[in-house]
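These notes concern the structure reproduced below.
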Amino acid sequence: MDSQYKPTLNLPDTEFPMRGNLSQREPEMLARWEEMGLYQKIRNARAGRDKFVLHDGPPYANGNIHIGHAVNKILKDVIIKSRTLSGFDAPYVPGWDCHGLPIELKVEELVGKAGQKVTASEFRKHCREYALKQVDGQRKDFKRLMVLGDWEKPYLTMDFKTEADIIRTLGKIIDKGHLHKGFKPVNWCPDCASALAEAEVEYQDKKSIAIDVKFPFANSAALLAAFGVQNDSLADKPVSIVIWTTTPWTLPSNEAVSVHPTLEYSLVLLKEQGEMLVLADALVQDAMKRYGIGADGFEVLANARGEVFGQLPGQEEAPFVVHHPFMPATDAHTKTVPVITGEHVTADSGTGAVHTAPMHGVDDYNVSAIYGVRSAEMLVDGNGNFISNPALDALELSGLSTADKGNFKVLGLLAEKGALLKKANITHSYPHCWRHKSPIIFRATPQWFISMNQAGLLEQAMHEVQNTVEWRPGWGKARIEGMMNDRPDWCISRQRTWGVPIALFVHKDSSELHPRSAELIEQVALKVEEKGIDAWFDLEAVELLGDEAADYVKVTDTLDVWFDSGVTHTAVCKAREELTFPADMYLEGSDQHRGWFQSSLLTSVAAYGHAPYKTVLTHGFTVDGQGRKMSKSLGNTVEPQKVLNSLGGDILRWWVADTDYSGEMTVSDEILKRNADAYRRVRNTCRFLLANINGFNPVTDLVAGEDLLPLDAWMVDYTRQLQDKVKAFYLDYDFKGLTKTLMNFCVSELGGFYLDVIKDRQYTCKRDGLPRRSAQTALFHVLEAMARWIAPVLSFTAEEIWDNLPGEREESVFLAEWYEAFPTLAVTGFDDAYWQNILQVKEAVNGELEKARVNKSIGASLEAEVVLYAEPEQQAALAKLGNELRFVLMTSAATVQPFDAEAGQASELKGLRVGVLPTTHDKCERCWHHSADVGLNAQHPTLCGRCVENVEGDGEVRHYA
RNA sequence: AGGUCUGUAGCUCAGGUGGUUAGAGCGCACGCCUGAUAAGCGUGAGGUCGGCAGUUCAAGUCUGCCCAGACCUACCA
């Protein structure tokens, strides 16, 4: 039942709704921002200011955005918005990575392979259209996250100008001497007759023939000596090292046998056969069983580590060579190959000695490169058949398929030569072409590389990593260092259709680059700027080379897409006026230490000698509630679109800010629910603030700093000091520090204390009297500050508050800077320490009130009267508030007495005892305080004295609170 | 298998250089209020600080090993 005096109260009132209804209202706000051209207005407002450039790492233009994309974009947006609030000109140019295999595969599904149903040129056109469509889809979602940026003019790696600049940057890197041509084994499908990318390979079980093959040592006497065996009766017996392989067809290409330098090898005598074998010590038992030799059929003569008989890095020549079982050398004997050492060798299976064919295995290739072991010729053609050459012709291998006949022929040769120790069928996981489902082979092909060492690139890049770049968190440095230290040369060529061409001419005989390559590249770039990458593929060599054209071949390889995105420091940061090079920051997930951070660094150092970024900030990956990675197959993904359509963007953003992004970021329904709870608290606090400055016009009603009541002055001062912390959190990219601090402010000092205390004054005092205007002034300052504090994170809500704030202001909170219009306050002796003490006293009193409540002697705190028995210092402090102490404690009466160990109850606070009594006075109908003067006024028999004063008189006077 | 990282109450996080009964907010339970009301206030219960050893008078904090998880790389001859 409403009191007749209710209309005389100043109750809170606001249009600002309690519930955000974010999923519906955020899109409306976005439309408004777009309509007013907010991004451009911010640019204009910050023109001429210091720049802060966060360069966007381009997501791949394929598929819907997932939660990881959302995290990345939101973090970037929070940083950019906070820097903008700090007064920086912080442009954000989002980008997309548009070339490459995944798009080709999608387009293949739609129109077929390039060169089959459609021409390469048409295929590229389809790729371009497809990529554009993907960009549109992702852009819509990114904008929905309320990420502010130049969405009208993003950068695309497939923009003609960008494609041209990618080629130019390649030219620059060639100019500095970092390019070299080499070979590399790649996944090769004999049915496609082409190379396969990693993504086109799938693993299936395959039946293979596994064989143990003997490679006899050329100098067995020396080998025995190396094993420390001196026994003349053995001297004339053959010694072989045994390899195990599941790809017999690669044996013709064998160029070495690898052993592990620190693994123990045994010299085993086969008694019956009268020959010796070298095998890994740990595998002797297994091998003998496999060969059908019983325990008494062999004897281990000696052991030696691999480094004793294998060639070590740095050694000019191999200490031992072995005879290839069947490949002929120039003379009558079979050719010999070196025994080398390699870290890739294990004693897990086989024999501990690895058949090494550099043309057919990555490890083989890498280890061979260390010793300069090279195959003279690739013996297998693109269809997986042995080529024809004198040696293969003689062995009758030419033309046979490595998949069957060729393989069997090799087995036959081995058996014929007596080199085959054992043949067995095994089933193992083996790479297959995902299209043909046929087993693939490894086949070395000519490729282009950016060399880590030929022009000192690795060294320079490492210098940048260690000395000029700031890594956040600090372990990012160790991570990228480790990754760079063991990285091979960067193979930048791909045999693909949808990619930026390696726009080079090489001599048809020598394979040397054209001497005027730098100049030619610029000419090509100009054409690509006009017509895109097709300009190169359509180009006739004569156009640029004239008469020389006959001697040169146009390279048709495309660039690794990591090169595209890696050189956006040039194609975007350098090319766009609003950006800077180097950029202030790159910010991506921790997978990019291998990816974009590295490709950007290497290309920038290669081209310009320095890093493209000053700071690299890394975030972790999202995992589910159990800490497991998100995957569609596990069904534990959290889709950002779903969150946006249910809880809303501000809640997703709050979650990003509230989570420690330096490690794994956990998301689950419960976590999002908790974040929605936190959001509601912040929102409601702001709503209550707005509701209480109802009717407040800052132009006419703002109370000067020196006139504020001490409690209000404290609130203003507290807020001002909190702002320093807020700024520091943003500067330090510590967003969880920010959200936690903000939350505590809303719950403790502000929500739990100040707002609760001033309600009485707000509601009951005269509408335009000083007591109320003083509090409103404080609330106004808090709101001005807080709207800005939350804007980088709760972008929608901040703007919504901004709309509800009185006074002249910018069109959007994002055009504003941090609030600095805090008033100068009077020095009153009521400082922060004073009020913090009061807060503790209040807590102690609450403890006692709760006991009375449990006894049912009181309900609301206004039904109580308290007496505080305090030590002198505390007594003096409390007495300073005089009669207004009761307002702070929210009791109907509060008096202070000297400490008396007998009186009241001991409270939580030492030196303070508290007496709680249920009030005996009548309750004022209007202010709900119980007071002796209720009913003294005949006109208003249900009111207390101060309410009479507030209703009829000039209004009560407040001195402190 | 290797490199980098993570593991503190149900949830999200604080806990410089080792030192009293390990903190906060949320959530939860109970209570109050009904003039912030799909709100607000109060009180309270929750932790062998991933595990095991060790160094030390003293370890969440240092060392080693192990377990679980994340990212990256390699391997499956």
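Remember, predicted model here, so these are calculated numbers, not experimental data.
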Check: protein-nucleotides 7-11 of chain B nitrogen or oxygen pairs below 3.5 Å:
from: B:rC11; atom 1: O4'; to: A:E670; atom 2: OE2; distance (Å): 3.3

Answer yes or no: does a side-chain N or O of [X] lie under 4.0 Å from OP1 or OP2 of [N]?
{"X": "A:R853", "N": "B:rC32", "value": "no"}
{"X": "A:R680", "N": "B:rA39", "value": "yes"}
{"X": "A:K740", "N": "B:rA14", "value": "no"}
{"X": "A:K856", "N": "B:rC32", "value": "yes"}
{"X": "A:R479", "N": "B:rG2", "value": "no"}
{"X": "A:R681", "N": "B:rG40", "value": "yes"}
{"X": "A:K736", "N": "B:rA14", "value": "yes"}
{"X": "A:Y763", "N": "B:rA36", "value": "yes"}
{"X": "A:T246", "N": "B:rA77", "value": "yes"}

Heavy-atom check, side chain of A:S600 versus side chain of A:Y586, under 4.5 Å: yes

Mutual orientation of the aromatic rings belonging to A:F745 and A:W789 [parallel < 30°, tilted 30-60°, perpendicular > 60°]: tilted

With no hydrogens and no angle check, do the side chains of [X] and [Y] hold a donor and an acceptor under 3.5 Å apart?
{"X": "A:T919", "Y": "A:E865", "answer": "yes"}
{"X": "A:T764", "Y": "A:R926", "answer": "no"}
{"X": "A:N254", "Y": "A:H355", "answer": "yes"}
{"X": "A:S253", "Y": "A:T250", "answer": "no"}
{"X": "A:Q24", "Y": "A:N21", "answer": "yes"}
{"X": "A:N804", "Y": "A:E15", "answer": "no"}
{"X": "A:D650", "Y": "A:T797", "answer": "yes"}

Determine the contact category for [X]: base if any of its heavy atoms lies under 4.0 Å from a base atom, sugar-phosphate if only primed atoms, P, OP1 or OP2 are that close, otherwise nothing.
{"X": "A:K673", "value": "nothing"}
{"X": "A:A860", "value": "sugar-phosphate"}
{"X": "A:K851", "value": "nothing"}
{"X": "A:N684", "value": "base"}
{"X": "A:E925", "value": "base"}
{"X": "A:G595", "value": "nothing"}
{"X": "A:G859", "value": "sugar-phosphate"}
{"X": "A:R683", "value": "nothing"}
{"X": "A:G361", "value": "nothing"}

Considering only [options], which nucleotide approaches the side chain of [X] most closely?
{"X": "A:W475", "options": "B:rC26, B:rU4, B:rG42", "answer": "B:rU4"}
{"X": "A:E863", "options": "B:rA14, B:rA77, B:rC33", "answer": "B:rC33"}
{"X": "A:D677", "options": "B:rC26, B:rA38, B:rA70", "answer": "B:rC26"}
{"X": "A:N744", "options": "B:rA70, B:rC72, B:rA24", "answer": "B:rA24"}
{"X": "A:T764", "options": "B:rA70, B:rG35, B:rA36", "answer": "B:rG35"}
{"X": "A:V747", "options": "B:rU34, B:rA70, B:rC26", "answer": "B:rC26"}
{"X": "A:F621", "options": "B:rG35, B:rA36, B:rA70", "answer": "B:rA70"}
{"X": "A:E664", "options": "B:rG69, B:rC71, B:rA77", "answer": "B:rG69"}

B:rG31: syn or anti, per glycosidic angle within 90° of 0: anti

C1' gap between B:rG27 and B:rG46, integer Å: 11 Å

Span that lies between the P atom of B:rU61 and that of B:rG18, in whole angstrom: 12 Å

Nearest-angstrom distance from the residue atom NZ of A:K477 to P of B:rU4: 15 Å

Derivation and outcome, side chain to side chain contact (heavy atoms under 4.5 Å, CB included), residues A:D760 and A:W928: CA-CA 9 Å; A:D760 173 79; A:W928 295 349; over 6 Å; no

Donor-acceptor under 3.5 Å (A:R772 side chain, A:Q762 main chain): yes

RNA chain B base-pair string [pairs: Watson-Crick or G-U under 3.5 Å; |: paired with another strand]: (((((((..((((.....[...)))).(((((.......))))).....(((((..]....))))))))))))....

Per-pair stack call A:W928 and B:rG35, 5.5 Å, 30°: yes

Trace of the ring-ring contact (aromatic ring centres under 6.0 Å, His included) decision for A:Y733 with A:H619: CA-CA 11 Å; A:Y733 314 113; A:H619 63 256; over 10 Å; no

